[in-house]
Amino acid sequence: APVISIANSDLIKKILKTKKHVVFVSFDSPYMLSFFNKADTYICSFGNTPASQLAMYNALFGANDITGKLPITLPYTGFTIGHGINSFKL
C-alpha cells in the first residue's frame with residue numbers, strides 16, 4: 001500500500017478543498033489516487049528517479065507527450081484497467 005505521512009496527507013486534503021483545479025502527480029504508486037480521489041487531474045509516473053521527474057516536468061509544461069494506460073483498476077475512483085490519456089506536446 002502507498003505510504004504518505006499524516007502531515008502530507010492533511011496538506012493534500014486542504015489543497016483539494018480549495019475548489020481550485022488541482023493536478024495530482026504521483027511519483028509512486030497509482031493507488032495513491034484512491035486516497036485523494038477528489039483531484040481534478042491525476043498523473044502517475046510509476047517512478048521517482050530524476051529522469052522520471054524531469055519527464056513529468058517537461059510533460060506538464062508541454063515539452064513532452066503524455067501518454068499511457070492504467071495497468072490496474074484504481075479502487076474508489078471509477079478508473080479501470082486500460083483507462084488512459086494521449087495528450088501530445090504543444
Side-chain angles (χ1 to χ4, degrees):
V3 177
I4 188 167
S5 71
I6 292 172
N8 284 337
S9 177
D10 289 345
L11 175 63
I12 292 167
K13 288 176 183 175
K14 285 179 186 176
I15 291 169
L16 291 173
K17 286 181 182 176
T18 65
K19 305 294 183 198
K20 295 185 179 190
H21 185 81
V22 175
V23 176
F24 189 99
V25 177
S26 174
F27 289 101
D28 192 15
S29 168
Y31 291 103
M32 195 64 70
L33 181 61
S34 296
F35 299 102
F36 306 106
N37 58 10
K38 302 287 187 225
D40 299 309
T41 304
Y42 180 72
I43 302 173
C44 186
S45 77
F46 296 95
N48 193 23
T49 65
S52 294
Q53 293 172 9
L54 180 60
M56 183 64 71
Y57 172 86
N58 286 328
L60 290 172
F61 290 96
N64 287 355
D65 297 341
I66 301 175
T67 61
K69 294 184 186 272
L70 285 172
I72 44 89
T73 293
L74 295 174
Y76 315 111
T77 67
F79 295 116
T80 58
I81 192 168
H83 183 87
I85 185 173
N86 287 310
S87 179
F88 300 102
K89 65 183 176 184
L90 301 175

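The analysis underlying the following values was restricted to heavy atoms, covering all of them including side chains, and did not include hydrogens, waters or symmetry mates.
Between the OG1 atom in T41 and the CD1 atom in I66 there is a gap of 9.5 Å [rounded to 0.5 Å]. To the nearest 0.5 Å, atoms OG (S26) and CG (N48) are separated by 9.0 Å. Here the NZ atom belonging to K38 is positioned 10.5 Å from the NZ atom belonging to K17, to the nearest 0.5 angstrom.
In this structure, D40 contributes its side chain and V22 its backbone to a donor-acceptor pair below 3.5 Å.
Within 6.0 Å of OH in Y57 there are 12 or fewer heavy atoms belonging to other residues, nucleotides or ligands.
What you find for S34 and P75 is that their closest heavy atoms are OG-O, 2.8 Å. A39 and L33 get closest at one heavy-atom pair: CB-CD1, 4.5 Å. Nearest heavy-atom pair, C44 versus M56, reported as atom, atom and distance to 0.1 Å: C-CE, 4.3 Å. The two residues Y42 and P30 have their closest heavy-atom pair at OH-O, 2.9 Å. Residues T73 and T80 share a closest heavy-atom pair of OG1-CA, 3.6 Å. Here the closest heavy-atom approach between residue N37 and residue Y76 is recorded as ND2-O, 2.8 Å.
Under the side-chain contact (heavy atoms from CB on, under 4.5 Å) rule, I12 has a single partner from D10, I15, L16, which is L16.
Annotation: side chain of Y31 is in contact with side chain of L74 (closest heavy-atom distance under 4.5 Å).
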Test log, rule side-chain contact (heavy atoms from CB on, under 4.5 Å), inputs F35 and I4
CA-CA 10 Å; F35 299 102; I4 188 167; over 6 Å; no
Decide side-chain contact (heavy atoms from CB on, under 4.5 Å) for I85 and I43; before the verdict, give the C-alpha distance in whole Å, the side-chain angles of both, and the deciding distance to 0.1 Å.
CA-CA 9 Å; I85 185 173; I43 302 173; over 6 Å; no
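A single hydrophobic cluster is seen to contain both F27 and L60, as judged by linkage of ILVMFWY side chains at heavy-atom distances under 4.5 Å, directly or through other members. Under a hydrophobic-cluster definition in which Ile, Leu, Val, Met, Phe, Trp and Tyr are linked whenever side-chain heavy atoms come within less than 4.5 Å, directly or via other members, L54 and F61 are assigned to different clusters. Clustering ILVMFWY residues whenever any of their side-chain heavy atoms sit less than 4.5 angstrom apart, transitively, puts I72 in the very cluster that holds M32.
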